[in-house]
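Contents: one structure, followed by commentary.
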Amino acid sequence: MSDSQVDNGKRTWLIASGCAGVAGGVAVAVPFISTFQPSERARAAGAPVEVDIASVKPGEKITVEWRGKPVWIIKRTPEQLALLKKNDPLLADPQSQRKVDELTPAYARNEGRSIKPETLVVVGICSHLGCSPSDKFQPGAQPSLPDDWTGGFLCPCHGSTFDMAGRVYKNKPAPDNLEVPPHRYLSETRLLIGDDKTA
């Protein structure tokens, strides 16, 4: 047997052993690395939510869940929209200038805090201690509300009030307006909550 034949045999054995080692390493590494990937449940929890709003009538609200938070979609009436301007002097942040990128995306920095005037999309969590405010859409005097109430939301925990654009009134425990989540229209009657980037 020549030296070259021995070297070829050793080389073949080394290559085969090396390949087996690499294959074994990959077999161990893939399951290990995959543990760093988010689970299907975690991905679903942060995934955008598509909502059909065709059946929502003026004056009505529906609630959907996005990232474990209640998101309110309210179809405002022309009367509710007309009263928004009247509230400005009574509000802590009428133009949504505080925490602009965090609480109010650029496309919602307007009187109604919305893409389309009639449709409000907000996270239904009070900016004070995380309670969920109650609907108080009916204008006029009511318990725990001023006599000139124009409609909106009342947080029963500590009395913070918000108008029909989710803007907080002055001198209330809640420091900020309700959050407007990222969203966009897929069609006239379909909303995507959690994604505002167009393809």
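In this structure the side chain of Ile125 never reaches within 4.5 angstrom of the side chain of Leu178, judged on heavy atoms. Here the side chains of Leu91 and Val168 are not in contact, with every heavy-atom distance at 4.5 Å or above. Looking at Tyr185 and Ile115, their side chains come closer than 4.5 Å, going by heavy atoms from C-beta outward. The shortest distance between side-chain heavy atoms of Leu186 and Leu191 does not fall below 4.5 Å.
Between the side chain of Gln97 and the backbone N or O of Gln95, at least one donor-acceptor pair lies under 3.5 Å. The closest donor-acceptor contact from the side chain of Arg167 to the backbone of Arg113 lies at 3.5 Å or more, if one exists at all. For Lys86 (side chain) and Thr150 (main-chain N/O), no donor-acceptor pair under 3.5 Å exists by modelled atom type. Of the possible polar contacts, one joining the Asp93 side chain to the Arg98 backbone as a donor-acceptor pair under 3.5 Å is found. Judged by distance alone, with hydrogens and angles left aside, the side-chain atoms of Tyr107 form a donor-acceptor pair with the main-chain N or O of His183 at under 3.5 Å. In this structure, Ser160 contributes its side chain and Ala174 its backbone to a donor-acceptor pair below 3.5 Å. Not a single donor-acceptor pair under 3.5 Å links the side chain of Lys61 to the backbone N or O of Ile74. Checked by atom type and distance alone, the side chain of Thr63 never pairs as donor or acceptor with a backbone atom of Pro70 at under 3.5 Å. Here the side chain of Ser114 pairs no donor or acceptor atom with the backbone of Leu120 at under 3.5 angstrom.
Taking both residues in full, the closest heavy atoms of Pro133 and Phe162 are given as CG-CE1, 4.2 Å, listed atom of the first, atom of the second, then distance. Closest approach of Val71 to Pro181, counting heavy atoms only: CG1-CG, 4.1 Å. Taking every heavy atom of both residues into account, Ile53 and Lys75 meet most closely at O-NZ, 4.2 Å. Nearest approach of Trp66 to Pro182, heavy atoms of both residues: CH2-CD, 3.9 Å. Considering every non-hydrogen atom in both Met164 and Arg76, the closest pair reads O-NH1, 2.9 Å. Contact record, Pro156 with Leu154: CD-O, 3.3 Å, taken as the closest heavy-atom pair.
Ion pairing between Asp52 and Arg190 holds under the 4.0 Å rule for side-chain N and carboxylate O.
Put simply, SG on Cys126 and NE2 on His158 are 9.0 Å apart, with the number rounded to the nearest 0.5 Å. In this structure, CG in Asn177 is found 7.5 Å from OG in Ser127, a value given to the nearest 0.5 Å. Distance CG/Asp176 to OG1/Thr104: 9.0 Å, rounded to 0.5 Å. The structure places OG of Ser132 at 13.0 Å from NZ of Lys69, a figure rounded to the nearest 0.5 Å. Put simply, CD1 on Ile73 and CD on Glu60 are 12.5 Å apart, with the number rounded to the nearest 0.5 Å.
In this structure, Val180 is not a member of the same hydrophobic cluster as Tyr169, with clusters built from ILVMFWY side-chain heavy atoms closer than 4.5 Å. The cluster map of Ile, Leu, Val, Met, Phe, Trp and Tyr, joined by side-chain heavy atoms under 4.5 Å apart, puts Val56 and Trp72 in different clusters.
With Phe153 as the aromatic partner, Lys136 does not meet the cation-pi criteria of under 6.0 angstrom to the ring centre and within 45 degrees of the ring axis.
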Apply salt bridge (charged side-chain N to carboxylate O under 4.0 Å, His left out) to the pair Lys116 and Glu188, showing each step before the final yes or no. CA-CA 10 Å; Lys116 294 185 179 184; Glu188 284 297 309; 3.0 Å; yes
Apply the test ring-ring contact (aromatic ring centres under 6.0 Å, His included) to residues Trp149 and Phe137: give CA-CA distance (whole Å), side-chain angles for both, the deciding distance (0.1 Å), then the verdict. CA-CA 9 Å; Trp149 179 247; Phe137 295 172; 9.9 Å; no
Kindly indicate, with the supporting measurements, whether the criterion side chain to side chain contact (heavy atoms under 4.5 Å, CB included) is fulfilled by Val49 and Leu192. CA-CA 6 Å; Val49 177; Leu192 189 65; over 6 Å; no
